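Here's the structure we're looking at; comments come further down.
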There are 2 protein chains.
Amino acid sequence: MPKRVDHEERRAHIAEALIQVAGRRGLHAVGMRDVAAEAGVSLRLVQYYFETKEKLLFYGLRHLTDRFTARVGARVAAAGPDPGPRATVEALLLASLPTDEESRTFHLLYSSYAILSVTDEALAAQPFVDQPDAAENALTALLERAQETGLADRDADARTEAISLLAMAATLGTSVLVGQRTPQSAIAVLRYHLDRVFTPAATPERSAAPA
Amino acid sequence: MPKRVDHEERRAHIAEALIQVAGRRGLHAVGMRDVAAEAGVSLRLVQYYFETKEKLLFYGLRHLTDRFTARVGARVAAAGPDPGPRATVEALLLASLPTDEESRTFHLLYSSYAILSVTDEALAAQPFVDQPDAAENALTALLERAQETGLADRDADARTEAISLLAMAATLGTSVLVGQRTPQSAIAVLRYHLDRVFTPAATPERSAAPA
DNA sequence: ACCTTGATGATACGGTCGTACCACGAAGAG
DNA sequence: CTCTTCGTGGTACGACCGTATCATCAAGGT
């Protein structure tokens, strides 16, 4: 057999090129030739590793969400060992705001895919629809745990608050993306609601509330 | 001179066709020939009344926002003569949710335009960027007025709450659009926050608070 | 009556896009 | 050594898209 190549690595490299060029010119404007040029390979190779453009786009979406999930996880981990629920939730929400180039690209492309999926049933059947559900469940669990330990308002509805926080983070992110709002003002809005849901109480590290 | 035609009426008709076909197949997929066929005119006429596709798209955006503004106004007016601030705000927010075909199309296309504007500077310079600001200011004023009359929580920050409500309505609308959430659950989330901001107090029609 | 001018139709042109086709190199298997 | 097979390049094809061109019709003004 001739020289064997790691197909998965190649696909990841090409998908990365797709994300880069799509982040600059928009997902709608990217062609196979653009991706090939960005990846530094020939058009034929893009066809070789992804038979069709549709499959390239699907793989690109998967790659995008995987990378972003890892990024959010790293941000949460960077919040420190065993952080309080508030710090965890804040890290989670703020990580999704388009504050740097990578998160900006993610936000733009994820939104583009979501809009595309409304009129493209093949895309709507892709896995990224349950990604928001996972975030919602995780955030709900965090809030419920905070309520049980007395760190969050017990009168609040955890799931509704989780949905609300994620919904706000999404639109605020878009507002930042289109230049209507600054990242700082978006963060301020989110903190406003975190202050409302989380009771000031003791320091987050302490578990016992002083009554 | 030959038969004179109302250009503005023609443009509105063609723009309507653009909105219809874009609502079905997606804004990215619409071509001039599709618009011509939907409007029942020849391709040449679309070129005649809009010299270029870019101008057609710009006009379509304007037409879309105008129609939607009128729709929201009608919804608010339908809330009854001199309704309470809560009823007005609720009508405002619920009118933007994609609950029927027209609002669904609006939400899809407005989002498409917004995403396009991130990578298309000519589109970013279009007027629709200040539309959200107007809604934000109007909603802020409504909340402040409610606070002054004792109908809303005075400890809340009116502008932040206005931003939050609009942000939630936007993302919740998108969630409904992609089929992730039902309109009812979206409405429930919005009502949850309205219940929080607006004090139960007296009936909205009465102006004097009992305390 | 004629001529100007706005409105409309049919069609052609250049470009781009996704995909298909064909050919060649290179590396292990026999 | 040769042959099979994976990887790769170059290029052509057919379709579509936005735009431009040419021609025709119709309705007033003079």
Side-chain angles (χ1 to χ4, degrees), chain A residues 1-22 24-61 109 112-113 116 119-123 126, chain B residues 1-22 24-61 109 112-113 116 119-123 126:
Chain A
M1 299 176 184
K3 59 172 174 178
R4 305 278 299 180
V5 170
D6 186 344
H7 279 215
E8 206 52 37
E9 187 201 359
R10 289 296 191 113
R11 275 192 273 262
H13 176 228
I14 295 176
E16 202 68 35
L18 164 68
I19 290 171
Q20 293 305 318
V21 64
R24 287 199 306 268
R25 297 207 280 262
L27 188 59
H28 68 285
V30 54
M32 314 227 65
R33 289 167 176 83
D34 302 303
V35 174
E38 179 80 14
V41 300
S42 71
L43 169 63
R44 179 68 181 85
L45 278 209
V46 180
Q47 287 187 257
Y48 185 71
Y49 291 107
F50 305 91
E51 319 236 334
T52 175
K53 185 185 183 183
E54 190 178 47
K55 291 180 182 174
L56 169 61
L57 288 178
F58 290 174
Y59 189 97
L61 172 59
L109 296 189
S112 300
Y113 275 113
L116 255 331
T119 49
D120 185 336
E121 61 180 22
L123 194 56
Q126 283 309 106
Chain B
M1 301 177 182
K3 59 172 172 177
R4 306 280 298 181
V5 169
D6 185 344
H7 280 215
E8 206 53 37
E9 186 200 0
R10 289 297 190 112
R11 275 194 273 263
H13 177 227
I14 295 176
E16 202 67 35
L18 163 69
I19 290 171
Q20 292 306 317
V21 63
R24 286 198 306 268
R25 297 208 281 262
L27 188 59
H28 68 285
V30 54
M32 313 227 66
R33 289 169 175 83
D34 303 303
V35 175
E38 180 80 14
V41 300
S42 72
L43 169 62
R44 179 67 181 87
L45 278 210
V46 180
Q47 288 187 256
Y48 185 70
Y49 291 107
F50 305 91
E51 321 236 330
T52 174
K53 185 185 183 183
E54 191 178 45
K55 292 179 181 173
L56 169 62
L57 288 178
F58 289 174
Y59 189 97
L61 173 59
L109 297 189
S112 299
Y113 274 113
L116 257 324
T119 49
D120 186 337
E121 60 180 21
L123 195 56
Q126 284 308 108

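Side-chain atoms are counted along with the backbone in the values below, which use heavy atoms only and exclude waters and symmetry mates. All chains are named by letter (A, B, ...) in the order of the sequence lines, taking the proteins before the strands, and each is independently numbered beginning at 1. Please read these numbers as outputs of a predicted model, since none were measured by experiment.
- The two atoms that bring B:His13 and B:Ala39 nearest to each other are CE1-O, 3.1 Å, heavy atoms only.
- Counting to the nearest Å, the P atom of D:dC17 and the CG atom of B:Leu57 are 14 Å from each other.
- Of all heavy-atom pairs spanning B:Val30 and B:Leu27, the tightest one is CG1-O, 2.8 Å.
- Sorted by first and then second residue, the pairs that involve residues 33-42 of chain A and meet side-chain hydrogen bond (donor to acceptor under 3.5 Å, both in side chains), not counting sequence neighbours, are A:Arg24-A:Glu38, A:Arg25-A:Asp34.
- Nucleotide D:dG18 holds its P atom 10 Å from the CG atom of B:Leu56, rounded to whole Å.
- Residues B:Val35 and B:Ala17 approach most closely at O-CB, 3.8 Å, considering heavy atoms.
- Put simply, A:His7 has a side-chain N or O that comes within less than 4.0 Å of OP1 or OP2 on D:dG7.
- Only B:Ser42, B:Arg44, B:Leu45, B:Tyr48, B:Tyr49, listed by number, bring a heavy atom of residues 41-49 of chain B to less than 4.0 angstrom from any atom of DNA chain C.
- Between B:Arg11 atom CZ and C:dA7 atom C1' there is a gap of 14 Å when expressed in whole angstrom units.
- Note on B:Thr52: a side-chain N or O is less than 4.0 Å away from OP1 or OP2 of D:dT19.
- When side chains are defined from C-beta on, A:Tyr49 counts as touching A:Val5, because their heavy atoms get closer than 4.5 Å.
- For A:Arg11 (side chain) and A:Phe50 (main-chain N/O), no donor-acceptor pair under 3.5 Å exists by modelled atom type.
- When all heavy atoms of B:Leu61 and B:Tyr113 are compared, the pair lying nearest together is N-OH, 3.5 Å.
- Residues of residues 25-40 of chain B that place a heavy atom closer than 4.0 Å to DNA chain C, in numerical order, are B:Arg33.
- With rounding to whole Å, B:Glu51 atom CD is found 15 Å from D:dT21 atom C1'.
- With a 4.5 Å cut-off on side-chain heavy atoms, B:Gln126 and B:Leu123 count as touching.
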